[in-house]
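A short write-up of the structure that comes next.
Convention: sequence-line order gives letters A, B, ...; per-chain numbering from 1.
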Number of protein chains: 2
Amino acid sequence: MAAAEKHDVFQAIADPTRRQVLRLLSEKERPISEITSHFSVSRTAITKHLHILSEAKLVSGRKVGREKLYRLQPEPLEELHEWLSYYERFWSNKLSILKHIAEKEN
Amino acid sequence: MAAAEKHDVFQAIADPTRRQVLRLLSEKERPISEITSHFSVSRTAITKHLHILSEAKLVSGRKVGREKLYRLQPEPLEELHEWLSYYERFWSNKLSILKHIAEKEN
DNA sequence: TTGACATGAAACCGAAAGGTTATATATAAT
DNA sequence: ATTATATATAACCTTTCGGTTTCATGTCAA
């Protein structure tokens, strides 16, 4: 499952469990077992999700004593934001056109 | 493969081919074979991608003569945008805090 | 009406996704 | 030294993903 660069941010956020993990880590750094306690799947399954999130550089883990603490690494979400910004002009046209112009001026 | 609601917008955009299809359809309405001509996979494969995009309500198709024309349906991307907006405050803090405040005032 | 074109749909395939159980190892606490 | 805790890793399982080939059907053009 490990290897390198097999998962990107788009794949990483495709799974609802992984999105929930990101939410939890957005609040604070947490060890694996504490993350697991929020779900009904096994710790092993959560570990795999964390590996996928790691590959996508959305989280990073550091070992402290016998625990492994994971924290959010939000940078790759910028890529998603850029992708999405292309489409912003296609929805709710009236308001978003103004917003689009405004953002161009930054 | 069809059924109902099996794929959401997060899963739909996870695949690079599907993202490219969305780009093509953002320019204009196109028939399946014309879409297929932009890729190296079979028409059948593209049809399946279109089904998945349809389930996620990201595209819609209408039949005209012997062709089936697909067009972009951008609304579900708003859901993605909302999800993402939660995380905006976590990156490039300096600038985005101001932006965050500014957007609150709309 | 006879092809050619555009799509639909079924059957199949290998690989990956998402999960499990079981076993091993390192660290902390007693 | 012993035990409990936290994680790592391997093996395995079922379902889905992304793709193919094949065949059927509807529509347009000559």
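Of the inter-residue distances, the one linking A:Lys48 atom NZ with A:Ile52 atom CD1 reads 9.0 Å to the nearest 0.5 angstrom. Here the CH2-CG distance, from A:Trp83 to B:Leu80, works out to 6.5 Å after rounding to the nearest 0.5 Å.
Each of A:Ala14 and B:Glu34 lies near DNA chain C, and the nucleotide nearest B:Glu34 is the one positioned closer to the 5' end.
Within 4.0 Å of A:Ser33, counting heavy atoms only, lie sugar-phosphate atoms of the nucleic acid but no base atom.
With hydrogens and angles ignored, the 3.5 Å screen pairs no side-chain donor or acceptor of B:Arg62 with any backbone N or O of B:Lys68. Under the 3.5 Å distance criterion, the side-chain polar atoms of B:Arg18 are matched with a main-chain donor or acceptor of B:Ala12.
When distances are taken from the side chain of B:Ile32 to each of C:dG18, C:dG8, D:dA10, the shortest belongs to C:dG8. In the set D:dG18, C:dG18, D:dA10, the nucleotide with an atom closest to the side chain of B:Asp15 is D:dG18. Candidate nucleotides D:dT22, D:dG19, D:dC17 were compared by shortest atom distance to the side chain of B:Ala45, and D:dG19 ranks first.
Taking atom NZ on B:Lys68 and atom C1' on C:dA9, their separation rounds to 12 Å, with Å as the unit. One can place CG of A:Leu50 at 10 Å from P of D:dT7, the figure rounded to the nearest angstrom. Atom C1' of nucleotide D:dA6 and atom CD of A:Glu29 are separated by 15 Å, given to the nearest angstrom. Rounded to an integer number of Å, the gap from A:Ile46 CD1 to C:dG18 P is 12 Å. The NE2-P distance, from B:His7 to D:dT16, rounds to 9 Å in whole Å. Rounded to whole Å, the distance from CD on B:Gln11 to P on C:dG18 is 8 Å. When rounded to the nearest whole Å, the span between CG of A:Asp8 and C1' of C:dA17 equals 15 Å. We find that CD of A:Glu67 is positioned 13 Å from C1' of C:dA26, with the value rounded to whole Å.
For the side-chain contact (heavy atoms from CB on, under 4.5 Å) with A:Tyr70, the lone residue among A:Leu53, A:Ile46, A:Ile32 that qualifies is A:Ile32.
Put simply, the side chain of B:Arg43 and the base of C:dG8 share a donor and an acceptor less than 3.5 Å apart. Side-chain atoms of A:Lys48 come within donor-acceptor range of the base of C:dG19, with a qualifying N/O pair under 3.5 Å. Remark: the A:Arg66 side chain and the D:dT5 base include a donor-acceptor N/O pair separated by less than 3.5 Å.
B:His51 has no side-chain polar atom (N or O) that falls below the 4.0 Å cut-off from OP1 or OP2 of C:dA9. Within the 4.0 Å cut-off from OP1 or OP2 of D:dT20, not a single side-chain nitrogen or oxygen of B:Thr44 is found.
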